[in-house]
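This report refers to the structure that appears directly beneath it.
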Amino acid sequence: MRWTQTYIPTLREQSSEAELISHQLLLRGGFIRKLAAGIYIYLPLMQRVIEKFSRIVREEMNKSGAIEITMPVLHPAEVWQESGRYDTVGKEQMRLKDRHLHEMVLGGTHEEIVTYLLRGELKSYRQLPLNLYQIQVKFRDEIRPRFGLMRGREFIMKDAYTFDTDEDSFMVAYQKMVDAYFAIFKRAGLDTKKVESDTGAMGGKAAHEFMLIVDTEGGEEVIMFCDKCDYAANIEKATFREINPPEVDNEVLEKKEVDTPNASTIEEVTAFLKVDATRLVKTLIYLADGKPAAAMIRGDRNLNLTKLKNQLNAIEIESAPPAVVEDVTQCPVGYAGPIELPKDMPIIVDNEVSKMKNFIVGGNKKETHIINVNLDRDFRATAVADIIDAPEGEMCPHCDGRLVAKQGIEVGNTFMLGTKYSESMGAKFLDAEGNEKPFIMGSYGIGITRTPQAAVERYHDEKGIVWPKNIAPYLVEIIPLNYEKDEHKKAAEQIYAELVNNNIDCLLDDRPERAGVKFNDADLIGIPLRIIIGDRALKQGKVELKARGGDEVVMADLGDVLTAVKGLLERIN
RNA sequence: CGGGGUGUGGCGCAGUCUGGCAGCGCACUUGCUUUGGGAGCAAGGAGUCGGAGGUUCAAAUCCUCUCACCCCGACCA
């Protein structure tokens, strides 16, 4: 492709709409433009990246035995009402009415649709197993779209759905997808980690996420790794074992109210009472589906909302507004404690707290705390469970290694759905004995538009993008420093024709721009290999080859460029 | 939804407090010069100042309402 014949609107200045480096580079490099919050136009370069990545995804999915279909973006609401998710997915689901006033939704995922499809058609175990996938636009009306393609409202996703007769068969299908995912990301130049994750609104038994680890702030999720074994889980899910629990008193002491003037935060209370935060227990008030609930965790820990939500079996959970806190504690915010809370209010106590003795809690009274409090003697727990974020440095749940935190970007996920959808929607088959059984299902996603941005977040330098070659929009960029000059033009055209004839994707910068502009744009858009045509080398009948990722310049004879290009491309990631 | 902020040529911004000719840089067009890391000079095109209403002799600027977008939080199949 010639630069002057395509559309690559690079920008010299930064755009104010982008926070993340990858988002900024995609905008400046002329890959994307925003139409509305979280809704983007893919320009020619992005279109090519999407095509390249999609092709890899298709090839590997097909290789694994999955079959491609395409399902609609617009769905009748009834199908979602059947599975019950119409009431649980929340406002992310975009809803609208058609001209007949029928309730419709925009698909944010397709479990319901694929189950609807197969329940009428797949009736025998002989037709199983089956894996259907599609590469399709999804729409999720995110509360707060941000980070460009990373959290858009409209995006492209590869989603696959497996149908199996039993657990064993399902595990084979699941493992095939996991293998395919590693193959896909590897081909795209991305080293990913498979981590355990919460199943969220998807439901089902277990789930994994495929994470690209990044050093930048582009990481959207914290992942806990074991430094010894291969345990890895995202922070929502990660568990741990405590290495050195603080010492516990032998005797249970008498509880006592103490005045704590102007001390409502953990820092203030620890400073005032001159104790360690590990002696304090925070009582946090949340609204679980609108009803108040208390969570008790050690003073130095972070509450894990996902874990708490799962404990409470809630669909929606949010921190209680001050008015609610004041109502249940009968005192100003900052002094909540477990004693004398309303009787019907659930109190979830963290594992660690259940092992503590004589700890300090809020007094449910202004500027008052209570010391030497003990579980069971002084208050009751509705449940004792792990409800905190696994802290870095604590022990791995599976071995004696230590947990390490890293930032990651989720590029794929796999869910073990079990029979959640097949049962609720009556999707059943007859087994060999003639018994009716629901399908065992799995669902598997890959972000087709977010993965390339994740790649940019991972592979860039101060001048621009450094695309992994298999998802780069072009493999080679030919830069004649002065295209108006006959010798430059002639050499450029000759090389261009030769590469094109050999099916090497190649971009010819035929603009009447100065060298500096071309170099800077080339750095920005990140084509893996660059051929520079200028007087210096041309005098000796040569051109210069340079990889985007390195400094090394290779000289090649004009007649020998194809071989040199092929050789260099072999060596590039 | 709560808190904070921004809307002025394609992009980035100044001007708003204290009402008085709509400006700057980049980009764009034309010409000449230049040509190995974002050229110089000259000329030029382009803006209902987010929208509606109001105050005023006069509104980008003040008042009311409204829309959009961004940041923090909750959320994220």
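A donor-acceptor pair under 3.5 Å is absent between the side-chain atoms of Glu544(A) and the main chain of Val553(A), judged by distance alone. With hydrogens and angles disregarded, no donor-acceptor distance shorter than 3.5 Å links the side chain of Lys307(A) to the backbone of Thr239(A). In this structure, Thr162(A) contributes its side chain and Gly442(A) its backbone to a donor-acceptor pair below 3.5 Å. A donor-acceptor pair under 3.5 Å is absent between the side-chain atoms of Arg548(A) and the main chain of Pro528(A), judged by distance alone. A donor-acceptor pair is defined here as one N or O able to donate and one able to accept, closer than 3.5 Å; such a pair exists between the side chain of Tyr496(A) and the backbone of Met1(A). Remark: side-chain polar atoms of Thr451(A) are not paired, donor with acceptor, to backbone N or O of Ile448(A) under 3.5 angstrom. Not a single donor-acceptor pair under 3.5 Å links the side chain of Lys237(A) to the backbone N or O of Thr199(A). Between the side chain of Asp560(A) and the main chain of Ala556(A), no donor-acceptor pair closer than 3.5 Å is present. In this structure, the side chain of Thr265(A) engages the main chain of Glu268(A) through a donor-acceptor pair within 3.5 Å.
Side chains of Arg140(A) and Thr109(A) form a contact here, defined as non-hydrogen atoms less than 4.5 Å apart.
In the region residues 518-525 of chain A, proximity to RNA chain B at under 4.0 angstrom, judged on heavy atoms, holds for Phe519(A), Asn520(A), Asp521(A), Asp523(A). Contacts between residues 301-314 of chain A and RNA chain B, defined by a heavy-atom separation under 4.0 Å, are made by Leu305(A), Lys309(A).
Base contact: Glu544(A) has a heavy atom under 4.0 Å from a base atom. Ala207(A) comes within 4.0 angstrom of no nucleic acid atom, judged by non-hydrogen atoms across all strands. Residue-level contact check: Lys485(A) touches neither bases nor backbone, having no heavy atom under 4.0 Å from any strand.
Comparing the P positions of G23(B) and U66(B) gives an interatomic distance of 33 Å, to the nearest angstrom. C62(B) and C24(B) have their C1' atoms separated by 26 Å, with the value rounded to a whole Å. Between G50(B) and U6(B), the distance separating the two C1' atoms is 11 Å to the nearest Å. For the C1' atoms, the distance linking C49(B) with G3(B) amounts to 28 Å, nearest Å. Between G47(B) and G10(B), the two P atoms lie 8 Å apart (nearest whole Å). When the P atom is used for both C1(B) and G20(B), the distance is 37 Å, rounded to whole Å. Separating the C1' atom of C26(B) from that of G9(B) is a span of 12 Å, rounded to the nearest Å. Distance check on atom C1': U56(B) versus C75(B) gives 47 Å, rounded to whole Å.
Remark: Glu19(A) does not engage Arg146(A) in a salt bridge, criterion side-chain N to carboxylate O under 4.0 Å.
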Fill in the blank from the handout: Protein heavy-atom contacts under 4.0 Å, written 5' to 3' over nucleotides 8-14 of chain B as B (base), S (sugar-phosphate only) or - (none), form the string ---BSS-
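Comparing C1(B), G37(B), A77(B) by their nearest atom to the side chain of Lys546(A) picks out G37(B). Residue Glu142(A) places its side chain closer to C76(B) than to any other of C76(B), C71(B), G37(B). For Arg85(A), whose side chain is taken as the heavy atoms from C-beta onward, the closest listed nucleotide among C75(B), C69(B), A77(B) is A77(B). Taking the side chain of Glu513(A) as heavy atoms from C-beta on, and the options C75(B), A77(B), C28(B), the nearest nucleotide is C28(B). Set against G37(B), C71(B), A77(B), the side chain of Phe415(A) has A77(B) as its closest nucleotide.
Ring centroid separation for the pair Phe182(A) and Phe210(A) comes in under the 6.0 Å cut-off.
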Interface polar pairs with nucleotides 39-44 of chain B, N/O, under 3.5 angstrom:
{"from": "A39(B)", "atom 1": "OP2", "to": "Arg514(A)", "atom 2": "NE", "distance (Å)": "3.1"}
{"from": "A39(B)", "atom 1": "O4'", "to": "Arg514(A)", "atom 2": "NE", "distance (Å)": "3.4"}
{"from": "A39(B)", "atom 1": "N9", "to": "Arg514(A)", "atom 2": "NH1", "distance (Å)": "3.3"}

Strictly under 3.5 Å: I want the nitrogen or oxygen pairs between protein and nucleotides 45-47 of chain B, one per line.
none

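If you measure from atom CD1 of Ile532(A) to atom P of G36(B), you get 13 Å, rounded to the nearest angstrom. The NZ-C1' distance, from Lys34(A) to C71(B), rounds to 12 Å in whole Å. Note: CD (Glu410(A)) to C1' (A77(B)) measures 10 Å, nearest angstrom. Atom CG in Leu481(A) sits roughly 12 Å away from atom P in G38(B) (whole-Å rounding). As a whole-Å value, the separation of Asp87(A) CG from A77(B) P is 18 Å. Atom OH in Tyr483(A) sits roughly 19 Å away from atom C1' in G36(B) (whole-Å rounding). Between the P atom of A77(B) and the CZ atom of Arg153(A) lies a distance of 17 Å, rounded to the nearest Å. If you take CG of Leu417(A) and C1' of A77(B), they are 10 Å apart, rounded to a whole angstrom.
With Tyr421(A) as the fixed residue, the side chain to side chain donor-acceptor pair (under 3.5 Å) test singles out one of Glu82(A), Glu111(A), Arg85(A): Arg85(A).
U16(B): no Watson-Crick or G-U partner with both key distances under 3.5 Å is found in any strand. C65(B) and G51(B) make up a base pair, with Watson-Crick or G-U wobble contacts both under 3.5 Å. Nucleotide A42(B) forms a pair with U30(B), judged by Watson-Crick or G-U wobble geometry with both contacts under 3.5 Å. Across all strands shown, G2(B) forms a Watson-Crick or G-U wobble pair, both distances under 3.5 Å, with C72(B). When Watson-Crick and G-U wobble pairs are counted only if both distances are under 3.5 Å, A58(B) pairs with no nucleotide at all.
One finds no side-chain N or O of Lys463(A) lying less than 4.0 angstrom from the OP1 or OP2 phosphate oxygen of G37(B). Between Arg28(A) and G38(B), a side-chain N or O to OP1/OP2 separation shorter than 4.0 Å is absent.
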Practice task
I would like to know whether Thr306(A) and Asp198(A) meet side chain to side chain donor-acceptor pair (under 3.5 Å); could you show each step before the answer?
Solution key: CA-CA 8 Å; Thr306(A) 304; Asp198(A) 187 67; 5.2 Å; no
Problem - Derivation and outcome, side chain to side chain donor-acceptor pair (under 3.5 Å), residues Ser197(A) and Asn234(A) - result: CA-CA 6 Å; Ser197(A) 65; Asn234(A) 79 17; 4.8 Å; no
Handout entry: Working for side chain to side chain donor-acceptor pair (under 3.5 Å), residues His110(A) and Gln134(A)
Key = CA-CA 10 Å; His110(A) 284 75; Gln134(A) 65 173 346; 3.2 Å; yes
With a cut-off of 3.5 Å and sequence neighbours excluded, list every side-chain donor-acceptor pair involving residues 479-486 of chain A.
{"from": "Asn482(A)", "atom 1": "OD1", "to": "Glu484(A)", "atom 2": "N", "distance (Å)": "3.3"}
{"from": "Tyr483(A)", "atom 1": "OH", "to": "Glu493(A)", "atom 2": "OE2", "distance (Å)": "2.4"}
{"from": "Lys485(A)", "atom 1": "NZ", "to": "Asp535(A)", "atom 2": "OD2", "distance (Å)": "2.9"}

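Ring geometry, Trp467(A) versus Phe31(A): the interplanar angle falls from 30° to 60°, so the pair is classed tilted. Classified by interplanar angle (parallel below 30°, tilted 30° to 60°, perpendicular above 60°), the ring pair Tyr174(A)/Tyr444(A) is tilted.
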